[in-house]
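Working notes, beginning with the structure itself.
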Amino acid sequence: MAVQDIKPTRSELIELKRKIKLSESGHKILKMKRDGLILEFFEVLEKAKSVRAELDADFDVATEKINIAKAVEGVVTVRSTAFSFKDAPQLVVESKNVMGVVVPKIESSSVRKSLNERGYGIIGTSSRIDEAADAYEILVEKIILAAEIETTIKKLLDEIEKTKRRVNALEFKVIPELIEARNFIILRLDEMERENTFRLKRIKS
Amino acid sequence: MAFLIRRGSKKYPYITARVRAMKSKLIPKEVYPKLMNMDIPEITRLIGESEYKQDVDELAQRYSGLDLLEHALNQNLARTYRKLLRVSQDEPNFLITEYLRHWDIWNIKTILRGKYYGAPAQEILDAVVAAGQLGYRELTSIANMESIDDIKTALTHSPYYAAIAEYEGGELSVIENELDRIYYSRLLASIGKSKGEKLSLKYIRTEIDLKNLKTLFRTKKAGLEKDEILNLVIPGGMELKSGDLKRLSSLSWPDFLKGLEDYSYWSDISEVVREDMASLMDVEAVLDKYAMGYATRISHYYPLSILPIYDYMLRKNNEINNIRTIVRGKKVKLPDEIIRKHLVM
């Protein structure tokens with residue numbers, strides 16, 4: 001707000017004082033929100049780090065198991081057995097609120113299956129296939145969990161960034177400008193008061 | 001089940017002599033450690049210049065890299081088995097045919113799975129190995145059929161119809177297990193009563209035991225119930241008779257392992273079996289090695305019988321598996337120790 005655009009009136013001064021008060025309380029609340037979000041972010045970050053480490057480990061295990069199955073049983077056997085799986089895991093994406101930030105909550109079903117629910121015959125297959133399927137089921141579950149946590153992290157980061165920008169805007173732009181305008185009006189009103197007194201004195205004399 | 005074939009050992013000297021000659025062309029077990037020390041290009045060159053040359057050349061236009069090698073190995077296996085059928089007559093021919101039905105069942109399963117999944121016919125055909133009674137042309141015509149119902153109709157007069165007749169959609173595991181059971185019941189019924197055939201029966205029944213042992217290990221580890229397990233075992237085993245299977249399937253995991261100590265297989269598997277074992281791969285590898293050793297041992301008892309032929313078929317299959325294990329294992333950088341553990345020599 002440029003100083004020259006301000007009308008130096010008492011009502012404007014009252015309005016500005018109200019705005020400053022509101023901005024200062026908003027600034028305080030947003031700062032608290034930012035600090036809260038950062039705390040929440042570090043908590044989720046720890047969880048994300050451990051899930052990512054587990055995901056990497058599960059991926060290594062699954063890769064080794066499928067490689068053993070492909071080597072010992074043959075790609076042809078693995079491909080043939082893979083035809084038995086038709087159902088894709090069902091995902092239900094819901095949302096939850098973390099300090100005003102809407103983050104996803106992913107529920108998965110039918111990822112883990114027992115040996116006799118996988119669709120292939122037991123007699124004609126081997127434990128190498130079972131273990132590869134097992135390892136991939138665990139991996140898919142972990143990917144879903146990691147997706148939930150990592151999306152939460154991204155959303156929290158966006159919100160922290162947004163809140164930080166608002167806090168900074170209030171702290172370094174909005175509130176100083178309002179204070180400057182308020183000071184200008186006070187100054188102008190004082191001056192007008194002095195001019196008025198002077199004018200009255202001159203008329204009297 | 002009645003089989004009208006000419007029984008007797010008259011036809012065995014010729015086919016067993018042929019098999020002995022074919023066996024001499026198999027890769028000796030001393031070569032495998034050398035293969036382990038070679039790079040993939042060296043191994044593929046060696047394979048390309050060996051028995052498998054013709055198959056590699058034939059398939060070189062369709063496949064490349066390790067897929068070419070794997071398909072060439074499978075085609076060579078099919079070619080070798082068909083040769084056995086060609087050079088045998090009467091009883092040996094009949095017994096080989098029955099033994100190789102394993103591959104028919106494998107191919108039917110693959111086609112049914114492919115149709116269930118909705119895979120294109122060519123993709124299904126890439127996963128079949130025409131090493132059984134059903135040739136590639138017949139398998140192609142089955143794979144090109146529209147639905148599983150059409151396949152059911154096409155197989156009406158085959159021995160496998162009993163397994164798929166009841167199928168009305170859904171998962172195929174029940175049919176697959178039933179097909180395997182039909183295979184072994186036919187195999188047991190196909191063997192006669194002569195001295196040599198009794199040994200053959202012993203071999204097949206031992207093979208059933210080993211299959212059942214693997215099934216028991218997998219199902220017990222997965223925590224399946226007794227009734228579910230009993231639906232998955234094959235009747236007719238040598239040591240693991242119906243009562244034994246019922247008893248073992250009802251035991252808890254630790255008691256099951258303890259219960260196995262009563263059987264002769266325990267001496268071989270005891271080293272790798274532990275109550276807290278995370279993987280069953282070692283147990284299966286040991287059982288595969290046991291099957292191979294047993295087939296070789298028993299084939300010496302009665303050289304003019306089907307046993308040396310079974311032994312050869314098993315060895316040929318193992319050779320294919322071993323080459324593939326080494327090459328694929330090296331390609332994906334599996335540790336040598338793991339590759340070595342899965343080689344059956």
Side-chain angles (χ1 to χ4, degrees), chain A residues 54 56-90 109-142, chain B residues 66-67 70-71 73-74 105-106 109-110 112-119 123-124 126-129 171-181 211 214-215 217-219 221-224 228 232-234 279-281 283-285 320-321 324-329 331-334 338-339 342:
Chain A
E54 284 169 24
D56 288 346
D58 288 345
F59 178 75
D60 289 343
V61 171
T63 308
E64 185 183 285
K65 298 279 184 194
I66 198 76
N67 282 339
I68 292 176
K70 278 179 179 174
V72 183
E73 303 284 327
V75 170
V76 162
T77 307
V78 173
R79 190 181 296 142
S80 166
T81 315
F83 286 146
S84 317
F85 296 97
K86 198 172 158 185
D87 302 332
Q90 297 299 311
S109 62
S110 68
V111 177
R112 296 296 297 273
K113 290 187 172 183
S114 77
L115 182 63
N116 54 349
E117 286 174 343
R118 290 210 179 110
Y120 57 76
I122 309 291
I123 303 173
T125 50
S126 74
S127 67
R128 293 162 198 122
I129 299 283
D130 298 343
E131 287 178 24
D134 239 346
Y136 270 90
E137 283 171 2
I138 293 170
L139 181 65
V140 169
E141 271 193 344
K142 200 64 81 186
Chain B
L66 293 192
D67 283 345
E70 185 163 346
H71 281 94
L73 292 172
N74 288 339
I105 284 174
W106 159 257
K109 279 187 210 169
T110 299
L112 289 174
R113 287 170 182 169
K115 288 289 157 198
Y116 170 71
Y117 183 78
E123 206 176 316
I124 298 171
D126 276 349
V128 302
V129 182
E171 285 183 356
L172 294 159
S173 53
V174 177
I175 295 182
E176 289 188 19
N177 293 326
E178 196 49 39
L179 281 168
D180 285 314
R181 266 200 292 265
K211 277 258 173 215
K214 288 179 188 173
T215 304
F217 267 106
R218 288 164 68 196
T219 50
K221 189 129 198 357
L224 264 58
E228 292 172 312
L232 299 170
V233 293
I234 307 163
S279 168
L280 293 174
M281 287 187 195
V283 178
E284 290 205 345
I320 303 285
N321 289 341
R324 189 186 50 231
T325 304
I326 293 173
V327 179
R328 285 239 180 242
K331 176 77 180 170
V332 294
K333 297 190 170 45
L334 280 179
I338 292 182
I339 299 177
H342 286 97

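Small disclaimer: the values here were computed from a predicted structure and weren't measured. Just so it is clear: chains get the letters A, B, ... in the order the sequence lines come, proteins before strands, and each one is counted from 1.
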Worksheet entry | Interface moiety of B/I338 toward chain A, non-hydrogen atoms closer than 4.5 Å | side chain

Worksheet item: Side chains of B/N177 and A/Y120: do they bring a donor and an acceptor to under 3.5 Å?
Response: no

Discussion item. Do the side chains of B/E284 and B/K214 get close enough for a salt bridge, i.e. N-O under 4.0 angstrom?
Written reply: no

Item to complete: Looking only at non-hydrogen atoms, find the nearest pair between B/H71 and A/V76 and report the distance.
Response: NE2-CG2, 4.1 Å

Fill in: Pairs meeting criterion side chain to side chain donor-acceptor pair (under 3.5 Å) with involvement of residues 58-68 of chain A, two or more places apart
A/K65-A/E131

Worksheet item: Is there a donor-acceptor contact under 3.5 Å from the side chain of B/D180 to the main chain of A/G124?
Response: yes

Item to complete: Check whether B/L179 gets within reach of chain A through its side chain, its backbone, both or neither, counting any heavy atom under 4.5 Å.
Response: neither

Worksheet, complete the sentence: Max heavy-atom pairs within cutoff under 4.5 Å with chain A, candidates B/E176, B/K115, B/K109, goes to B/E176

Worksheet item: Under 3.5 Å, is there a donor-acceptor pair linking the side chains of A/R118 and B/S173?
Response: no

Worksheet entry | Minimal non-hydrogen separation, B/A119 against B/I124, with atom names | O-CD1, 3.6 Å

Response to the item:
Applying a strict 4.5 Å limit to non-hydrogen atoms, the region of A/R79 in contact with chain B is side chain

Worksheet item: Non-hydrogen atoms of chain A under 4.5 Å away: do they reach the side chain of B/A222, the backbone, both or neither?
Response: side chain

Worksheet item: What is the minimum heavy-atom distance between B/T325 and B/H342, and which atoms define it?
Response: CG2-CB, 4.1 Å

Worksheet item: What part of B/E123 lies closer than 4.5 angstrom to a heavy atom of chain A: side chain, backbone, both or neither?
Response: both

Worksheet item: Is it the backbone or the side chain of B/L280 that comes under 4.5 Å from a heavy atom of chain A, or both, or neither?
Response: both

Fill in: Which portion of B/K211 sits near chain A, non-hydrogen atoms under 4.5 angstrom
side chain

Practice prompt. Taking heavy atoms only and a threshold strictly under 4.5 Å, list by residue number the residues of residues 132-139 of chain A that touch chain B; give 'none' if the list is empty.
Written response: none

Worksheet item: How far apart are the C-alpha atoms of B/R328 and B/E70, what are their side-chain angles, what is the distance that settles it, and do they pass the salt bridge (Lys or Arg N to Asp or Glu O under 4.0 Å) test?
Response: CA-CA 9 Å; B/R328 285 239 180 242; B/E70 185 163 346; 2.9 Å; yes

Discussion item. Only pairs of heavy atoms separated by less than 4.5 Å count here; which of A/S114, A/S126, A/S84 has the most with chain B?
Written reply: A/S126

Fill in: Heavy-atom closest pair, residues B/R113 and A/T125
NH2-CG2, 4.1 Å

Fill in: Leading residue by heavy atom contact count with chain A [cutoff under 4.5 Å; candidates B/N74, B/V129, B/L334, B/T215]
B/L334

Worksheet entry | Shortest non-hydrogen contact between B/M281 and A/R128, atoms and distance | CG-CG, 3.9 Å

